[in-house]
Undergrad: 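Sharing a structure below in structure tokens format, with a few things to ask.
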Protein chains: 2
Amino acid sequence: MKISELSRTSGVSLPTVKYYLREGLLPPGRPTGRNQAEYGDAHLRRLRLIRALLDVGNLSVAGVRQVLQAVDDAELPGHHLLGTAHEAIAGVPRADRGTPGWQAARAEAGRIVAGRGWRVHERAPALDQLADAIAALRELGQEDMLAMVDDYAEATERLARQEVALVLARGDRAAMVEGLVTGTVLGEAVLTALRRLAQEHTSAGLAGPG
Amino acid sequence: MKISELSRTSGVSLPTVKYYLREGLLPPGRPTGRNQAEYGDAHLRRLRLIRALLDVGNLSVAGVRQVLQAVDDAELPGHHLLGTAHEAIAGVPRADRGTPGWQAARAEAGRIVAGRGWRVHERAPALDQLADAIAALRELGQEDMLAMVDDYAEATERLARQEVALVLARGDRAAMVEGLVTGTVLGEAVLTALRRLAQEHTSAGLAGPG
DNA sequence: CCATCGCGGATAGCATCACTCCCCATTATC
DNA sequence: GATAATGGGGAGTGATGCTATCCGCGATGG
């Protein structure tokens with residue numbers, strides 16, 4: 001497959017494919033001449049993964065590169081890959097980390113996790129994100145929303161068990177690794193979309209604040 | 001309160017406060033002279049909401065403006081406000097909407113929702129987002145992940161019932177409206193953070209693909 | 001009462017990001 | 001042998017979320 005074919009069959013414009021090559025998201029093709037290279041199915045597949053991570057997962061180009069490097073690292077243990085995916089998925093940190101209010105929220109996040117008996121890395125980005133959200137809720141005087149945290153935790157714990165089981169059910173390592181990444185990133189997209197739909201359905205019939 | 005105080009107590013830089021005023025995110029203060037204005041607690045509160053939506057909710061400035069206009073519209077029924085929040089929260093649509101693969105995914109999204117008996121607006125952005133994710137999973141040959149959809153739907157349905165009940169429990173309309181927005185946007189941040197932590201915990205003890 | 005500081009209002013500039021365009025010499029392909 | 005496509009690379013683009021600077025006015029402090 002030539003680059004133009006790769007572009008056509010993937011639906012990604014040729015300049016963009018070149019850009020991904022330059023950025024190291026897409027590995028170079030096998031050179032067949034001084035200015036010619038051959039691309040295979042793996043490239044097409046990789047290109048689709050890139051688009052999914054960028055468009056559906058809202059990762060940055062740098063984040064995608066990070067994830068793909070981890071995917072390609074055959075040595076990396078699975079949970080490190082998960083950590084890399086979580087780091088790449090984490091957007092820009094809030095500015096107010098370090099304020100007393102945030103520190104308190106961060107401690108609360110730690111307590112929530114510990115209270116559930118969850119064993120997670122001390123510096124998991126998701127702990128900071130949880131603290132961001134808790135701090136924001138408190139600042140806005142919406143602490144009663146925190147009553148939902150237990151239910152969220154309960155639900156996500158059950159879902160995570162199934163997700164992990166699903167990925168582990170795969171045959172080879174390569175399939176597991178891709179499943180891990182897509183499950184993490186695209187699964188999140190599916191979950192949030194369904195949450196919004198469930199909210200809409202639930203609030204539709206009821207008398208809202210109107 | 002003068003603008004400099006508003007800036008100092010909120011932690012938002014003065015040029016940024018001015019920018020929000022220009023962009024119509026923050027209503028102008030009550031003028032006390034030709035070049036002086038008075039800001040109140042409502043402004044401080046609003047400023048914090050803006051930062052939460054921007055930083056934690058990852059909304060764009062345009063999205064925040066949209067949400068705040070809906071919040072301030074006393075006539076708007078509650079479920080319209082929810083719809084506005086969902087629209088503002090929706091990022092850039094995927095490029096491949098309109099391809100046969102996407103159309104099929106979109107139809108599948110419709111079936112999933114209908115199969116649950118969920119009554120949602122035909123053109124809810126979340127339906128398209130769900131289709132985006134389904135299309136991406138199919139393109140990547142990860143269809144077995146779709147087995148999770150039912151569990152996600154079940155969980156989000158239960159959570160949505162509680163969330164809506166929590167918001168409706170509030171006294172006045174203003175509190176409901178703010179609860180609706182923060183519950184939608186910040187609740188999502190809490191839920192995804194917890195999901196990542198649950199994943200990490202669940203996959204930590206097990207033998208991963210390493 | 002006058003110097004200075006902060007105010008509001010506005011325009012312009014900046015950094016980042018994800019592309020997109022154009023150029024080149026080279027080389028398939030018709 | 002003419003045309004088109006290729007790889008490689010640098011520069012340009014448009015959107016976004018600020019940030020900097022300027023201006024004339026007026027509140028404030030000695």
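What you are looking at is a predicted structure, and each value in this text was computed from that prediction instead of being measured.
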Undergrad: Using atom OH of A/Tyr19 as one end and atom C1' of D/dT13 as the other, report the distance to the nearest whole Å.
TA: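 Value for this atom pair: 13 Å.
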Undergrad: Give a yes-or-no answer on whether the side chains of B/Glu157 and A/His201 include a donor-acceptor pair shorter than 3.5 Å.
TA: no
Undergrad: Considering residues at least two apart in sequence or located in another chain, which fulfil the side chain to side chain donor-acceptor pair (under 3.5 Å) criterion with A/Tyr39?
TA: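 Once residues adjacent in sequence are excluded, A/Tyr39 has no partner under the side chain to side chain donor-acceptor pair (under 3.5 Å) criterion.
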Undergrad: Can you pull out the residues from residues 30-50 of chain A that lie within a 4.0 Å heavy-atom distance of DNA chain D?
TA: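 Contacting residues: A/Asn35, A/Gln36, A/Ala37, A/Tyr39.
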Undergrad: Establish whether the base of D/dG10 is bridged to the side chain of A/Arg22 by a donor-acceptor pair shorter than 3.5 Å.
TA: yes
Undergrad: Compute whether any side-chain donor of one residue and acceptor of the other, for A/Ser13 and A/Thr16, lie under 3.5 angstrom apart.
TA: yes
Undergrad: So what does A/Lys18 touch, heavy atoms closer than 4.0 Å: a base, only the sugar-phosphate, or nothing?
TA: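 Touches a base.
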Undergrad: Set out, in order, the CA-CA distance, both residues' side-chain angles and the distance that settles side chain to side chain contact (heavy atoms under 4.5 Å, CB included) for B/Val167 and B/Glu163, then state yes or no.
TA: CA-CA 6 Å; B/Val167 169; B/Glu163 287 162 347; 5.8 Å; no
Undergrad: Between P on D/dG7 and NZ on A/Lys2, what's the gap in Å once rounded to a whole number?
TA: 9 Å
Undergrad: Where do B/Pro27 and B/Leu21 come nearest, in terms of heavy atoms and distance?
TA: O-CD2, 3.5 Å
Undergrad: Hey, can you pull the residues of residues 51-70 of chain B with a non-hydrogen atom under 4.0 angstrom from DNA chain D?
TA: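 Residues of residues 51-70 of chain B that come under 4.0 Å of DNA chain D are, in numerical order, B/Leu54, B/Ser60, B/Val61.
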Undergrad: Can you tell me if the side-chain N/O atoms of B/Thr16 get under 4.0 Å from OP1 or OP2 in D/dG17?
TA: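 For D/dG17, neither OP1 nor OP2 has a side-chain N or O of B/Thr16 closer than 4.0 Å.
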Undergrad: Counting just side-chain N and O atoms, does A/Tyr20 come under 4.0 Å of either OP1 or OP2 of C/dC19?
TA: yes
Undergrad: Separation of B/Glu5 atom CD from C/dG6 atom P, in whole Å?
TA: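 It is 13 Å, rounded to the nearest whole Å.
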Undergrad: As a quick check of understanding, evaluate side-chain hydrogen bond (donor to acceptor under 3.5 Å, both in side chains) for A/Trp118 and B/Glu200, giving each step before the final call.
TA: CA-CA 9 Å; A/Trp118 288 357; B/Glu200 192 183 327; over 6 Å; no
Undergrad: Check whether any side-chain nitrogen or oxygen of B/Ser4 sits under 4.0 Å from OP1 or OP2 of C/dC7, and answer yes or no.
TA: yes
Undergrad: What verdict does the side-chain hydrogen bond (donor to acceptor under 3.5 Å, both in side chains) test give for A/Arg65 and A/Tyr20, after you've listed the backbone C-alpha separation in whole Å, the side-chain angles of each residue and the deciding distance to 0.1 Å?
TA: CA-CA 10 Å; A/Arg65 183 169 38 229; A/Tyr20 292 158; over 6 Å; no
Undergrad: For the pair made of CG in A/Leu14 and P in C/dA18, what is the distance, rounded to whole Å?
TA: 20 Å
Undergrad: Roughly, in whole Å, what's the span from CG in B/Leu21 to C1' in D/dC18?
TA: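 Atom-to-atom, B/Leu21 to D/dC18, this comes out as 14 Å.
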Undergrad: Answer yes or no: is there a side-chain heavy-atom contact under 4.5 Å between B/Leu47 and B/His43?
TA: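 The answer is no; the side chains never approach within 4.5 Å.
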Undergrad: If we count only N and O atoms by modelled type, under 3.5 Å, do the side chains of A/Gln129 and B/Arg196 hold a donor and an acceptor together?
TA: yes
